[in-house]
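Following: one structure in structure tokens, then a few remarks.
It should be emphasised that the depicted structure is a prediction, and the values quoted were computed from it without experimental measurement. What's counted below: heavy atoms across the whole structure, side chains too, no hydrogens, waters or symmetry copies.
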Amino acid sequence: MRLCRCAGARPPRLTLAPWIDKVSTMQVSKSNKLANVCYDIRGPVLRHAKRLEEEGHRILKLNIGNPAPFGFEAPEEILQDVILNLPTAQGYSDSKGLFSARKAVMHYTQTKGIPGVTIEDIYLGNGVSELIVMSMQGLLNNGDEVLIPAPDYPLWTAAVSLSGGKPVHYLCDEESDWYPDIEDIRSKVTPNTRAIVVINPNNPTGAVYSHDMLEQLAQVAREHNLIIFADEIYDKILYDGAEHESLAAVAPDVLCLTFNGLSKSYRVAGFRSGWMIISGPKHLAQSYIEGIDILASMRLCANVPSQHAIQTALGGYQSINDLILPGGRLLEQRDVAWELLNEIPGVSCTKPKGALYLFPKLDPKVYPIHNDEKMVLDLLLKEKILVVQGTAFNWPWPDHFRIVSLPRKDDLEVAIGRIANFLKTYRQ
């Protein structure tokens, strides 16, 4: 049947269903689980930086430890192996990861002196970040507490909160090379405390812990039946003869989850290739391990092409040494940044022994900063330099900020010169 319109007739009036108006005004809110979750390394100030870039400004970003934009390239043999294996990387792998990659990680744990680790104790992930969240989701019930360093890598705090737990921050002492304050840790253990997080080498301070310090941390875990979460992603980026020791090797009698990956030491942050190993008395944690297995299966598997990089990386030439030994670019940049920061009146910076960051302090008597996020935003707007405020790392006072040491020396000189110029007149 063909419809026609008679002359002079009005078309029928369309009316909206009454529920349409309700939908158009309905506000959609984020989950309450995100109430205490933040990641200010990529937070509001970064959004201002992106706006400035869209307006044509050049922003020197000292906020994220991403090696690639600063000219650090992955070893060629890693790239070639990933390309070579692409034709066989089109399907899912085992939920824990490729056997060859996990075997390479197992051999690496043996060189680190971690006993009793088998292939089945190793989980590959889309970066350490995914595995951190999985480890917290598999463990925590609402109200469970986890001890986390202050300052910390904020993903740890966010993952605990998102999993229904309560992050409790223990202080690291700037006057003692940023070592954890053991007495402060002990004072914060409660019946609800389930675990302690140790970041070594540390982000953001660059501290590398001694054997004695690791022994003290392990003893706290023993006394209170705590699980240890050891974030060791920077274990190959060490300066001035510093040596890294795995906490799981120091405490073979304590349930320990150790996290590591390729992002920093092998300059493939975009590959998102990390791993987690479980060591210690695993027979006491079968239910927890079952939970991690469930979560690993739910995400199906980690990115398969990048898993092919792990065996080549761990078994090949360790090119990171060319960057951290005398004459190496990372060492030189660390030295230049540290020296220039300490030359600024009212600024002091403990010399990092590892990692890719510096965490300078602003003397409160010289710079009475009340809002450090406002300070880094003002720095961005005036000098086009992007850094991260100290409180973003759950440091309790607004008197620090973090910069990365990845830019070339001349760029660091310009950037820190602009920071010094900004601080000359800046007051809140």
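- Between the side chains of Gln286 and Glu290, no donor-acceptor pair is found at a separation under 3.5 Å.
- Between Ala74 and Val268, the closest heavy-atom pair is CB-CG1, 3.3 Å.
- Other residues, nucleotides and ligands place no more than 12 heavy atoms under 6.0 Å from the CG atom of Asn32.
- Ion pairing between a basic and an acidic side chain is recognised when a charged N comes within 4.0 Å of a carboxylate O; Lys96 and Glu120 show such pairing.
- In this structure, CD1 in Ile196 is found 4.5 Å from OH in Tyr170, a value given to the nearest 0.5 Å.
- A donor and an acceptor atom, one from each side chain of Thr157 and His169, are located under 3.5 Å apart.
- Under the 6.0 Å distance and 45° angle rule, Arg102 does not count as a cation-pi partner of Tyr123.
- Between Lys188 and Asp184 there is a salt bridge, since at least one side-chain N of the basic residue sits less than 4.0 Å from a carboxylate O of the acidic one.
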Does Tyr266 form a side-chain contact (heavy atoms from CB on, under 4.5 Å) with Ile78? I'd like the steps, not just the answer. CA-CA 9 Å; Tyr266 300 93; Ile78 293 179; 4.0 Å; yes
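- We find the CZ-CZ distance between Phe72 and Arg329 to be 3.5 Å, quoted to the nearest 0.5 Å.
- Of the listed residues (Arg47, Lys61, Arg58), just one forms a salt bridge (charged side-chain N to carboxylate O under 4.0 Å, His left out) with Glu53, and that residue is Lys61.
- Side-chain contact of Gln389 with His400: a donor-acceptor pair under 3.5 Å is absent, judged by distance alone.
- Atom CD in Glu76 sits 7.0 Å away from atom CD1 in Ile83 (nearest 0.5 Å).
- At distances below 3.5 Å, at least one donor-acceptor pair connects side-chain atoms of Lys384 with backbone N or O atoms of Leu381.
- Pairing each heavy atom of Val404 with each of Gly65, the nearest pair is CG1-N, 3.9 Å.
- For the residue pair Asn126 / Arg299, no side-chain donor-acceptor distance below 3.5 Å is found, with atom types taken as modelled.
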Set out, in order, the CA-CA distance, both residues' side-chain angles and the distance that settles salt bridge (charged side-chain N to carboxylate O under 4.0 Å, His left out) for Asp378 and Lys382, then state yes or no. CA-CA 6 Å; Asp378 292 340; Lys382 182 177 180 183; over 6 Å; no
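- Leu247 approaches Ala218 most closely through the heavy-atom pair CD1-CB, 4.4 Å.
- Donor-acceptor pairing under 3.5 Å is recorded for the side chains of Asp235 and Tyr108.
- For the 3.5 Å distance criterion, the side chains of Asn421 and Glu383 qualify, holding a donor opposite an acceptor.
- The pair Arg51-Glu55 counts as a salt bridge, with a side-chain nitrogen and a carboxylate oxygen less than 4.0 angstrom apart.
- Applying the side chain to side chain donor-acceptor pair (under 3.5 Å) test to every pair with at least one member in residues 240-257, sequence neighbours left out, gives these pairs: Lys112-His244, His211-Glu245, Arg222-Asp253, Glu232-Ser246, Asp240-Arg334.
- Counting only distance, with no hydrogens or angles, the side chain of Ser161 and the backbone of Ala158 share no donor-acceptor pair below 3.5 Å.
- Looking at residues two or more places apart in sequence or on another chain, you find a ring pair (Phe, Tyr, Trp, His ring centres under 6.0 Å) between Tyr179 and Tyr209.
- Legend: residues meeting ring pair (Phe, Tyr, Trp, His ring centres under 6.0 Å) with Tyr357, ordered by chain and number and at least two apart, are Tyr234.
- Atoms CD1 and CG, on Ile324 and Leu330 in that order, are 8.0 Å from each other to the nearest 0.5 Å.
- Under a cut-off of 6.0 angstrom, the local environment of CD in Glu73 is sparse, with at most 12 non-hydrogen atoms contributed by other residues, nucleotides or ligands.
- Shown here for Ala248 and Ser279, the closest heavy-atom pair between the two residues is CB-OG, 3.5 Å.
- Between the side chains of Asp231 and Tyr153, no donor N or O sits under 3.5 Å from an acceptor N or O.
- For the pair Ser135 and Met276, the tightest heavy-atom approach, listed with the atom from each and the gap, is CB-SD, 4.1 Å.
- Ring-plane geometry between Trp395 and Trp178 is classed as perpendicular, the angle between the planes exceeding 60 degrees on a 0 to 90 degree scale with a lower cut at 30.
- Defined by atom type and a distance below 3.5 Å, a donor-acceptor pair is missing between the side-chain atoms of Ser319 and Asp322.
- Of the N and O atoms on the side chains of Glu373 and Thr391, not one donor lies less than 3.5 Å from an acceptor on the other residue.
- Asn192 and Asp144 are not linked by any side-chain donor-acceptor pair at a separation below 3.5 angstrom, with hydrogens and angles left out of the test.
- With respect to Arg194 and Glu145, no salt bridge is recorded, no charged nitrogen being found less than 4.0 Å from a carboxylate O.
- Checked by atom type and distance alone, the side chain of Tyr239 pairs as donor or acceptor with a backbone atom of Ala355 at under 3.5 Å.
- Once rounded to the nearest 0.5 Å, the distance linking CG of Asn85 with OG1 of Thr312 reads 7.5 Å.
- With 3.5 Å as the limit, one finds a donor-acceptor pair spanning the side chains of Asp212 and Gln216.
- Annotation for Lys282: atom NZ counts as buried by contact number, over 12 foreign heavy atoms lying within 6.0 Å.
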Please test Ile199 against Ile148 for side-chain contact (heavy atoms from CB on, under 4.5 Å), starting from the C-alpha separation and ending with a verdict. CA-CA 9 Å; Ile199 305 173; Ile148 302 174; 5.6 Å; no
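- The distance from the CD1 atom of Ile59 to the CG atom of Leu386 is 7.5 Å, given to the nearest 0.5 Å.
- Between Ile233 and Gly261, the shortest heavy-atom contact is CD1-N, 3.2 Å.
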